[in-house]
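One structure is given here, and the rest of the page talks about it.
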Amino acid sequence: MLIVMHHSATDEQLKSVTAAVEAMGLIAEPIPGSLRTAIGVLGNQGYVDDTSIRELPGVREVIHVSKPYKLVSRDFHPVSSVVDAGGVKFGDGHPPVLIAGPCTVESEEQMIAAARLVKKNGAQMLRGGAFKPRTGPHTFQGLGVEGLKLLRQAGDAEGLPVITEVMRIEQLETICRYADVLQVGARNMQNFDLLKEVGRSGHPVLLKRGMSSTIEEFLSAAEYIVAEGNSRVILCERGIRTFEQATRNTLDLSIVPLVRELSHLPIVVDPSHATGRRNLVGPMAKAAIVVGAHGIMIEVHPDPDRALCDGAQSLTPDGFGKLAVELKRLQSFLETL
Ligand code: PEP
Ligand code: MN
């Protein structure tokens with residue numbers, strides 16, 4: 001529920017509305033804004049009878065928010081959030097962030113080469129999986145803690161913050177020690193216990209859209225993290241399952257402007273997992289920037305033919321260099337519009 005106050009409402013009136021909400025056993029969250037002052041009501045598990053609130057002096061209207069997500073919604077937080085993750089800013093007013101690196105950490109040599117490549121081409125964050133959610137158990141599952149160390153070492157060597165995936169609550173503490181940003185992957189988007197703990201960690205999070213998730217489910221998953229007091233959440237569209245088999249997934253780019261309408265959180269796009277095909281990554285990355293993504297996450301490998309995971313979608317060093325230049329030129333052009 002959202003209580004919208006009159007422009008002329010006094011501090012006293014705000015206080016008495018807050019007290020009335022609290023007397024009902026609910027939480028009142030002030031939502032200051034230049035256009036209106038409102039009070040968000042949290043803690044209810046169903047419809048709230050608003051008769052005692054509606055009539056209080058200073059109240060203009062009471063809006064019942066039926067969405068399952070509130071804290072991440074624009075209703076509760078009209079101003080766009082800028083998320084600082086490892087010193088890199090994601091959100092309105094900041095150029096799109098380029099996150100890049102291999103699918104998986106494989107060796108010291110591979111990570112050092114990847115970090116150099118990422119830095120040289122102006123990307124701002126290094127990715128690399130150490131704990132990998134692989135479809136089958138007979139494939140490379142990642143180097144685990146050793147992989148975290150190599151990722152950190154490579155990031156430090158080039159002055160890049162690093163992001164890596166957390167799959168289990170037990171891994172959280174260790175991953176928080178090595179990584180600047182936690183990634184919750186598509187397969188764990190609705191692992192609610194993990195989301196809660198990630199929320200409690202207070203660490204910046206990149207939350208990927210589940211492969212068959214609706215926008216409402218996606219934002220509700222983000223709500224779990226924010227509800228634990230961690231508002232540093234970056235959403236990531238990475239393609240969804242459809243009947244189409246020609247691409248690994250179907251990139252739902254319309255989610256970008258739609259999420260920007262519904263939520264104040266930044267959203268980035270991962271065209272690598274969305275398409276699964278190297279030659280489609282560049283065009284879709286550019287399209288993502290045009291529709292307003294706050295960043296792009298791309299897989300690049302020093303030698304994709306030898307990659308232990310996702311080689312077919314990983315850009316070559318040359319391909320990545322070319323795309324990085326094109327993305328910069330595109331961004332400069334968009335700024336002139
Ligand atoms: C990844 O980014 O390494 C990954 C596994 O992606 P997703 O969760 O989107 O499949
Ligand atoms: Mn991958």
Side-chain angles (χ1 to χ4, degrees), residues 85 97-106 110-111 114 118 123 125-137 139-144 147-148 150-151 162-168 171 175 178-191 194-195 198 204-213 217-218 221-222 225 233-242 247-253 255-256 267-278 280-281 284-285 288 293 295-316 320:
V97 174
L98 185 53
I99 307 169
C103 177
T104 308
V105 178
E106 299 168 7
Q110 172 237 19
M111 278 318 293
V118 165
M125 192 176 288
L126 179 66
R127 65 152 286 149
F131 298 96
K132 292 301 301 176
R134 301 304 302 277
T135 301
T139 51
F140 182 53
Q141 305 284 306
L143 293 177
L148 295 178
L150 296 176
L151 173 67
V162 301
I163 174 168
T164 199
E165 178 162 353
V166 55
M167 293 203 298
R168 288 193 293 127
Q171 298 162 349
I175 295 181
Y178 289 103
D180 300 284
V181 187
L182 300 168
Q183 178 172 317
V184 174
R187 292 156 191 80
N188 272 311
M189 189 207 82
Q190 285 192 314
N191 181 340
L194 178 65
L195 296 176
V198 161
V205 191
L206 182 135
L207 175 67
K208 289 191 142 195
R209 182 183 185 181
M211 53 184 91
S212 303
S213 298
E217 287 163 344
F218 189 21
I225 300 171
V233 178
I234 302 152
L235 302 165
C236 178
E237 160 64 30
R238 47 76 74 204
I240 46 173
R241 272 282 164 90
T242 67
T247 48
R248 184 173 176 179
N249 291 288
T250 296
L251 182 55
D252 178 12
L253 276 184
I255 197 182
V256 175
I267 176 160
V268 306
V269 169
D270 170 354
S272 303
H273 292 90
T275 62
R277 295 164 66 145
R278 187 178 303 145
L280 301 181
V281 170
M284 298 319 280
I296 302 289
M297 182 190 251
I298 284 177
E299 286 187 344
V300 54
H301 194 286
D303 186 358
D305 289 342
R306 280 177 224 270
L308 294 180
C309 182
D310 286 352
Q313 68 193 35
S314 299
L315 296 187
T316 62
F320 179 63

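Small disclaimer: the values here were computed from a predicted structure and weren't measured. Remember, it's 1-based here, ligands and their atoms both numbered in the order they're listed.
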Any chance you could measure Leu143, atom CG, to Leu150, atom CG, to the nearest 0.5 Å? 6.5 Å
Please confirm whether Gln183 comes under 4.0 Å of ligand 1, counting heavy atoms of the residue only. yes
Hey, mind stepping through Asp310 and Lys132 against salt bridge (Lys or Arg N to Asp or Glu O under 4.0 Å) and telling me if it holds? CA-CA 11 Å; Asp310 286 352; Lys132 292 301 301 176; 5.6 Å; no
Relative to the Mn ion (ligand 2), which of the N, O or S atoms in Glu299 is the closest? OE2
Specify the protein heavy atom at minimum distance from atom 4 (C) of ligand 1: its residue, its atom name, and the distance to 0.1 Å. His273 NE2, 3.5 Å
Just to confirm my output: which protein heavy-atom neighbour is closest to atom 8 (O) of ligand 1, and how far is it? Ala186 N, 2.8 Å
On a heavy-atom basis, which atom in Val269 and which in Ala293 lie closest, and how many Å separate them? CG2-CB, 4.0 Å
Any N/O/S atom, side chain or main chain, of Cys309 closer to the Mn ion (ligand 2) than 2.8 Å? no
Which atoms form the tightest heavy-atom contact between Ile240 and Ser213, and what is the distance? CG2-O, 4.3 Å
From Arg209 atom CZ to Ile255 atom CD1, the distance as rounded to the nearest 0.5 Å: 4.0 Å
Give the residue, atom name and distance (to 0.1 Å) of the protein heavy atom nearest atom 9 (O) of ligand 1. Arg238 NE, 2.6 Å
Sub-4.0 Å heavy-atom approach of Arg127 to ligand 1: yes
Side chains of Gln141 and Thr139, heavy atoms from C-beta outward: is any pair under 4.5 Å? yes
What I'd like to find out is whether the side chain of Val268 reaches to under 4.5 Å of the side chain of Val97, using heavy atoms alone. no
Which residue and non-hydrogen atom of the protein lie closest to atom 5 (C) of ligand 1, and at what distance in Å? Glu165 OE1, 3.7 Å
Please identify which atoms of ligand 1 are closer than 4.0 Å to at least one heavy atom of Gly185. 8 (O)
Of all N, O or S atoms in Asp310, the one closest to the Mn ion (ligand 2) is OD2
Which one of Val205, Leu194, Asn188 satisfies the side-chain contact (heavy atoms from CB on, under 4.5 Å) criterion with Val166? Leu194
Please report which non-hydrogen protein atom sits nearest to atom 6 (O) of ligand 1, along with the residue it belongs to and the distance in Å to one decimal place. Lys208 NZ, 2.9 Å
